[in-house]
Structure formats: C-alpha cells, structure tokens
Amino acid sequence: MLVTALRCLQDNFTYVLSVPDQAGVWVVDPGDAAPVMQWLKRHERTLAGVYCTHHHRDHIAGVAALVSAWPGIPVVAHRRDQVRIPHVNQSVDDGQALHLCGLPGSVLHVPGHSQGACVLLWQGCLFSGDTLFGGGCGRLLEGTAAQLHASLQRLVRLPADTRVYFGHEYTEMNLTFAAWCEPANPAIAQRQHRLREQLAAGGDSTPSTLGEELQTNPFLRTASPELRATLGLPDASAETVFAALREARTHWQPGPSGAQR
C-alpha cells in the first residue's frame, strides 16, 4: 500500500491511498479536486472512493467535481456529517470496519474540533484530519475541551509506530509553541531541527508517528511537570490542563525569539 500527500489550498493535505495492483484509488479530504485529477491522470489511475474526516469546506470542496467525473463512487463520512457534506452516500459510525483498495481499515468518532470528526485507520496509518496535527491539535469549533481531550486519549492508545497523516502543514508553528510549553524537552528541539531540514529540502512534515507525537506534542503531554509549570497548573486535572493549553494555543503568537507575546 502507498499513501501520497498532495498539497492543496493554502496549507491543506489531501491523501491518495493506493496499492500497486489496483487501478482504483481512494482519496481522503479532497479540499480541491484539481491536484487529485492531475495525480490520477499522471499515474493513469481511477478514483474508487472518497473519505471525509469532517465537514469543513477546506476538506470537502473538491468532492462535487470528483463525483461528477466518477459518478456513483462511494463518498464516506460520519453519520453526523451526512447532511453537511454534499454527495455523501455512505455514513459510518465509531468502530465501523471499512475496506479501501481491498484492504481493511476502521473508523473512530473523535468529536471536539467538530461533532462529526471521524478519523480513518488503515494499514497502520491514522488519517486524523483536524483532530491531531503534527505537534498540535484542532481548535474547538463545535465541541468542548473535554470532548477533544477524550478523543485524543483514544488515539494515544494506538501503537506507537502508527503513521499520522494530518490535515494541515502547521507543524513548524506548533513545535514553536511546544518549545514554549516545554523548553527543556530535547525531543522537541530535535524534531524542530529535523523539520527545518525537511522543509528546506522541499518536503512536508507529514507523516509523523504517534510515538513522535507522544514525545513532542503538548496536547498529548498534559502530565508533563514542565508543561504544567509553564501554565501555572501543577496540581490540576489532565482535563483542566488540556483546556488551558488549548486556550493558550488559540491566542498564542511567537515573539522574535520564539517566546510568547
């Protein structure tokens, strides 16, 4: 199996899922149809289906054009988003099995960023949409901090070598915030160094691994004494720390030296 990341819009990722012996491929979160169409033409492949992690327009704007070009293909999303995403014809719910490109996968309902957020697990890969980013997590646009915290706690129970394919190229800024949260965490500094080299070479930060996120992503590290000290919450519950962290990230901007201003 192969996962190909396509950049679209300003900083979104769309993913193409394929296997060598099949002409049909699946696409996750087509925010724009054009990069998908170009990839399919260049590689002489056809579209077998579309999976949407949630209903926000920058993840679904390309669905209509793709369905027009390949009528009748399955368009899959969580049942809560069935009426919010045009052309959805297959709704799924938490824990449901799903076969893509002939290979088994499953879905997890992870409310918080949105109420219908539903990540895809496929062949050791996690397509996390806007729930889990490289070094960060999504904003609370429809759900609560408690919901998103609980959703992320489900994801951290996945194997550490799970490859995380997230919805946006936010990793560089997220890691700057992570370094403010835990300035003495060597794993964050090391990841920042690797990322700078990747980006300088024209690469992307996707995918990461869940193990890497557990070491460097502050939203998965609410037990860290250093992070709690930064927030002034040494003895608070994990949910309270998470809520304060999400609020801090929403209003945070780096200063010239990377310090918060």
Side-chain angles (χ1 to χ4, degrees), residues 2-18 24-43 45-71 73-78 80-92 98 100-101 105 107 110-122 125-143 163-174 199 202-208:
L2 179 66
V3 178
T4 303
L6 304 179
R7 292 291 292 265
C8 69
L9 306 178
Q10 183 176 352
D11 50 35
N12 281 69
F13 288 119
T14 292
Y15 296 105
V16 178
L17 283 53
S18 61
V25 306
W26 277 73
V27 170
V28 177
D29 285 356
D32 182 0
V36 177
M37 297 279 205
Q38 293 164 6
W39 189 95
L40 292 169
K41 182 177 181 180
R42 184 165 63 250
H43 294 274
R45 309 296 280 270
T46 61
L47 187 60
V50 174
Y51 185 92
C52 301
T53 62
H54 64 295
H55 75 283
H56 292 153
R57 180 164 177 78
D58 59 326
H59 293 257
I60 67 166
V63 171
L66 295 175
V67 169
S68 178
W70 284 275
I73 61 170
V75 178
V76 183
H78 188 260
R80 284 178 176 256
D81 281 346
Q82 187 165 10
V83 298
R84 301 203 286 185
I85 301 176
H87 307 290
V88 168
N89 53 24
Q90 184 176 339
S91 63
V92 291
L98 192 66
L100 290 78
C101 302
V107 301
V110 287
H113 176 68
S114 72
Q115 290 299 331
C118 197
V119 301
L120 172 66
L121 299 170
W122 185 72
C125 302
L126 166 65
F127 297 91
S128 58
D130 286 358
T131 296
L132 177 64
F133 292 132
C137 73
R139 291 175 181 251
L140 301 173
L141 298 184
E142 294 180 5
R163 295 183 295 283
V164 182
Y165 292 90
F166 35 84
H168 289 271
E169 184 60 278
Y170 293 161
T171 309
E172 188 170 25
M173 185 62 72
N174 285 343
L199 297 180
D204 300 312
S205 67
T206 188
S208 64

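No experiment lies behind these values; they were computed from the predicted model shown. These numbers come from the heavy atoms of this one structure, side chains and all, not from hydrogens, waters or symmetry mates.
Glu169 places a side-chain N or O within 3.5 Å of a backbone atom of Ser205 that can act as its donor or acceptor partner. Judged by distance alone, with hydrogens and angles left aside, the side-chain atoms of Asp11 form no donor-acceptor pair with the main-chain N or O of Gly167 at under 3.5 Å. Looking at Asp29, its side chain does come within 3.5 Å of a backbone N or O of Thr53 through a donor-acceptor pair. A donor-acceptor pair is defined here as one N or O able to donate and one able to accept, closer than 3.5 Å; no such pair exists between the side chain of Trp39 and the backbone of Leu6.
Remark: Asp58 CG to Thr14 OG1 distance equals 9.5 Å, nearest 0.5 Å. Rounding to the nearest 0.5 Å gives a distance of 10.5 Å between CG of Leu98 and CG of Leu121. For the atom pair CD (Gln38) and NE2 (His43), the distance works out to 11.0 Å, reported to the nearest 0.5 Å. Atom-to-atom distance recorded for Cys101:SG and Leu2:CG is 10.0 Å, nearest 0.5 angstrom. Interatomic distance, Ile60 CD1 to Asp32 CG, rounded to the nearest 0.5 Å: 13.0 Å. Here OG1 of Thr46 is found 15.5 Å from NZ of Lys41. Values are rounded to the nearest 0.5 Å.
Residue Arg57 qualifies as open at atom CZ: its count of foreign heavy atoms under 6.0 Å is 12 or below. Within 6.0 Å of atom CD in Gln82, more than 12 heavy atoms from other residues, nucleotides or ligands are found, so the atom counts as buried in its surroundings.
Screening residues 125-142 for side chain to side chain donor-acceptor pair (under 3.5 Å), with sequence neighbours left out, gives His54-Asp130, His55-Glu142, His59-Asp130, Arg84-Glu142, His113-Asp130, Asp130-His168.
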Are Cys52 and Val63 close enough, and set up right, to give a side chain to side chain contact (heavy atoms under 4.5 Å, CB included), and what steps lead you there? CA-CA 9 Å; Cys52 301; Val63 171; 4.0 Å; yes

Let me see the working for Met37 and Leu66 under side chain to side chain contact (heavy atoms under 4.5 Å, CB included), right down to the final yes or no. CA-CA 8 Å; Met37 297 279 205; Leu66 295 175; 4.2 Å; yes

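At least one side-chain heavy atom of Val92 sits less than 4.5 Å from a side-chain heavy atom of Cys118. No side-chain heavy atom of Val88 sits under 4.5 Å from any side-chain heavy atom of Asp81. At a threshold of 4.5 Å between non-hydrogen side-chain atoms, the residues Val50 and Ile73 count as touching. In this structure, Leu120 and Cys125 have side chains that are not in contact, with every pair of non-hydrogen atoms separated by 4.5 Å or more.
Gly143 approaches Gln115 most closely through the heavy-atom pair CA-NE2, 3.3 Å. Here the shortest heavy-atom pairing between Phe13 and Phe166 reads CD1-O, 3.5 Å. A pairwise comparison of heavy atoms in Leu40 and Val25 identifies CD2-CG2, 3.5 Å as the closest pair. The shortest non-hydrogen separation linking Pro35 to Cys8 is CG-CB, 4.0 Å. The two residues Gly116 and Arg80 have their closest heavy-atom pair at CA-CB, 4.0 Å. Considering every non-hydrogen atom in both Ala117 and Ser114, the closest pair reads N-OG, 3.2 Å.
Exactly one of Thr171, Asn174, Thr206 qualifies for a side-chain contact (heavy atoms from CB on, under 4.5 Å) with Phe133. That residue is Asn174.
Checked against a 6.0 Å centroid threshold, the rings of Tyr51 and Phe127 do not count as neighbours.
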